[in-house]
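We name chains A, B, ... by the order of the sequence lines, and we start the count at 1 in each one. Here the structure is a predicted model, which is why all the values come from computation and not from measurement.
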Number of protein chains: 2
Amino acid sequence: MTKLTIQQIADIAGVNKATVSRVLNGNMNVSQKTQEKVEKVIREHNYVPNTIARGLAFNKTFTMGFCHDYTDKRAFANPFFYKMLQGIENVVYRNDYLFLMMSHPTGQQKKSMFERMVSEQRVDGIILPSTLLNDSSFQLLTANRMPFVVLGEKEFAHRNVHWVDVDNVQAAESLTERLIGLGHRRIWIFADRASIERDKFIQDRIAGYSNVMAGHGLPSFVVSRLESLLTKESGINDNSLLPDAVICCTHDQLFSILDEEKKEGSPAEFELATFDDNPLFQYLSKTVHYISIDLEQMGEQAATLLFKKINQEEDIPDMIRIPTS
Amino acid sequence: MTKLTIQQIADIAGVNKATVSRVLNGNMNVSQKTQEKVEKVIREHNYVPNTIARGLAFNKTFTMGFCHDYTDKRAFANPFFYKMLQGIENVVYRNDYLFLMMSHPTGQQKKSMFERMVSEQRVDGIILPSTLLNDSSFQLLTANRMPFVVLGEKEFAHRNVHWVDVDNVQAAESLTERLIGLGHRRIWIFADRASIERDKFIQDRIAGYSNVMAGHGLPSFVVSRLESLLTKESGINDNSLLPDAVICCTHDQLFSILDEEKKEGSPAEFELATFDDNPLFQYLSKTVHYISIDLEQMGEQAATLLFKKINQEEDIPDMIRIPTS
DNA sequence: GTGAAAGCGCTAACAC
DNA sequence: GTGTTAGCGCTTTCAC
């Protein structure tokens with residue numbers, strides 16, 4: 001049994017292939033009787049139309065792509081990343097599209113799958129993480145008139161680029177409120193100096209933290225040196241001068257504190273908090289407070305936005321912020 | 001600048017589109033002069049042929065797919081998984097194919113992307129993990145004459161299925177040799193009862209371990225209860241009756257031992273060993289010996305095998321075993 | 001060596 | 001309501 005074509009179905013049903021096409025596409029100009037007859041044949045023969053040919057006729061692929069860089073292991077290690085993919089798929093489904101993933105490894109001489117997919121027009125639109133948006137990928141996308149949506153922090157400034165990102169200010173606010181609610185008063189925030197200047201999301205997190213601290217009449221402390229957090233090296237013995245809780249802006253920082261504690265042998269006397277969950281947390285001796293981000297919603301928003309671009313709708317928001325909980 | 005077609009290139013170059021096609025496909029029936037002229041136009045206009053149309057003419061997609069189940073987070077959490085994808089891409093490249101990934105989540109009512117990709121013939125072949133091969137996926141693949149290769153342990157017995165797997169016997173042998181080389185003599189192997197009976201890869205690992213132990217005149221101990229490994233509950237105080245090294249057949253078991261040690265507060269006095277690396281290992285207080293598997297090679301082998309099937313070559317091996325180091 | 005024309009499987013504009 | 005035909009962008013006979 002070789003793959004059936006629309007012509008064969010038409011022959012079996014004793015109609016023209018155009019009629020079969022009409023049935024397939026829910027065109028109303030078909031009599032009840034013919035429709036049922038054709039549907040019966042389709043069902044009995046398990047006929048599935050060839051989307052390649054369909055795409056050629058429509059000049060569409062009915063496919064949405066997601067691009068990742070698998071040299072960036074962090075994303076994949078995060079199980080919530082899959083929640084986001086799930087969110088995208090939900091929306092892709094509703095639009096009867098296919099969803100596929102492709103790679104765009106950094107630092108390769110040959111064309112990445114991303115570059116090929118875009119230049120060969122194998123997808124109607126692409127979702128990509130902000131880490132992959134740079135001059136060259138932007139050029140490629142626009143030169144090929146490929147609609148795209150970016151996930152993550154907005155580093156690459158350009159008009160006509162659409163973003164979906166987490167609301168980091170709000171996230172930091174909620175997290176700080178939570179720690180205060182737990183009775184903490186000497187809450188510090190830990191971020192490295194370079195990223196404070198460079199990364200918008202770090203600045204947002206610090207801003208959210210400061211807002212809440214100020215609102216409660218508490219002082220803010222932004223520290224960027226690991227040593228200042230640890231009793232021994234700071235030489236401070238008076239615990240009241242040290243934090244009772246530390247918010248780490250990134251997971252790397254959180255782990256650096258834990259590593260240091262392990263080396264010193266004695267756990268510092270403060271609680272830890274950070275953004276987003278991590279599968280490692282359950283294996284740690286210390287409890288880590290974190291604020292979780294609804295990545296499924298983030299995926300859904302990104303896909304919805306991309307469909308709007310694909311369908312050339314008006315009034316597309318430049319940026320969507322996902323709240324946290 | 002809208003997307004160029006072969007016809008436009010032909011017009012610009014002042015030749016027939018068939019000639020352009022011949023140039024694109026390296027057909028030799030083109031004069032040196034014409035060829036250079038056409039190539040120049042192609043280069044100057046950055047023309048990339050539409051693979052969808054190309055595929056329609058060839059009745060091929062020039063695309064290889066990889067299917068995963070993102071409800072199974074283990075695979076993705078393992079950074080070496082990407083080494084495998086890299087291996088696949090290497091081979092896919094050499095064959096001038098595209099490579100894409102799709103999902104096949106378990107327990108969904110609607111058709112998965114995998115099911116759609118297969119039934120709509122969007123790929124020429126598929127690589128899938130053994131966890132996803134079952135009666136229904138097998139049916140679908142064969143009904144659509146879709147070539148496929150399975151990665152991982154051979155659970156689903158069926159003629160005409162091709163597998164690429166790790167050589168678990170050899171892996172266990174190397175690991176055991178290593179531990180003996182480190183001076184260990186009372187080496188035990190830990191595997192849960194159900195999987196000893198059910199899983200071929202566990203049986204292979206135990207076999208490899210037993211071979212080497214026997215070869216050194218040492219006794220083999222296969223244990224499947226956690227308690228028998230831990231001093232306190234076994235009530236044994238004589239350390240010489242307990243192991244000095246334990247090989248865990250799975251990472252789950254390794255972590256169950258670590259959890260138990262943490263609860264008891266005192267680390268057991270034996271070393272741990274297992275198969276395959278894990279990003280968590282560096283965060284553990286205890287050193288874990290492991291044997292690493294060349295997943296890049298595994299990916300390459302799988303893709304090579306799949307191309308052989310796609311090209312309907314003869315003499316395709318049913319199964320390829322990847323050695324470990 | 002090159003061009004003209006048919007065809008891959010499908011959709012859509014136009015007849016009837 | 002249904003059939004006919006042209007065409008999506010490409011490859012591939014088959015002429016010349």
Just call it for B:Ser21: base, sugar-phosphate, or nothing, with non-hydrogen atoms closer than 4.0 Å on any strand. base

Is it true that B:Thr63 and B:Arg122 share a donor-acceptor pair across their side chains at a distance under 3.5 Å? no

Please give, in whole Å, the distance from D:dG7 C1' to A:Leu56 CG? 9 Å

Is the ring pair B:Phe114/B:His104 parallel, tilted or perpendicular, if the boundaries are 30 and 60 degrees? tilted

If only side-chain N and O atoms count, and only distance matters, is there a donor-acceptor pair under 3.5 Å linking B:Thr61 with B:Gln121? no

Rounding to 0.5 Å, atoms CD1 (B:Ile88) and CE (B:Met298) come to a distance of 9.0 Å

Is it the case that over 12 heavy atoms from other parts of the model lie below 6.0 angstrom from the CD atom of A:Gln312? no

Is the CD atom of B:Gln32 crowded by more than 12 outside heavy atoms at less than 6.0 Å? no

Contact interval (first through last nucleotide) of DNA chain C with protein chain B, 4.0 Å heavy-atom: C:dG1 to C:dG9

Pick base, sugar-phosphate or nothing for B:Asn59, based on heavy-atom distances below 4.0 Å to the nucleic acid. nothing

Separation of atom CG in A:Asn50 from atom P in D:dC8, rounded to whole Å: 18 Å

Under 4.0 Å, heavy atoms only, any strand: does B:Thr51 hit a base, just the sugar-phosphate, or nothing? nothing

Might you list the N or O atoms of the protein lying below 3.5 Å from N or O atoms in nucleotides 3-5 of chain D, with each pair's distance?
residue	atom	partner	partner atom	Å
D:dG3	OP2	A:Asn16	N	2.8
D:dG3	OP2	A:Thr19	OG1	2.8
D:dG3	N7	A:Arg22	NH2	2.7
D:dG3	O6	A:Arg22	NH1	3.3
D:dG3	O6	A:Arg22	NH2	3.3
D:dT4	OP2	A:Asn16	ND2	3.3

B:Ile52 CD1 to D:dT11 P, straight-line distance once rounded to whole Å: 13 Å

Note: for A:Val20 and B:Phe58 on DNA chain C, the residue whose nearest nucleotide lies more 5' is B:Phe58

Please state whether the rings of B:Phe62 and B:Tyr97 are parallel, tilted or perpendicular, taking 30° and 60° as the class boundaries. perpendicular

Measure the spacing between OG1 of B:Thr51 and CZ of B:Phe58 and express it to the nearest 0.5 Å. 12.0 Å

Rounded to the Å, how far apart are B:Arg54 CZ and D:dT11 C1'? 9 Å

For D:dT11, take OP1 and OP2 only and decide whether either is under 4.0 Å from a side-chain N or O of B:Asn25. yes

Please report the distance, rounded to the nearest Å, between CD1 in A:Ile6 and P in D:dC8. 18 Å

Return the CZ to CD distance between A:Arg43 and A:Glu39, rounded to the nearest 0.5 Å. 6.5 Å

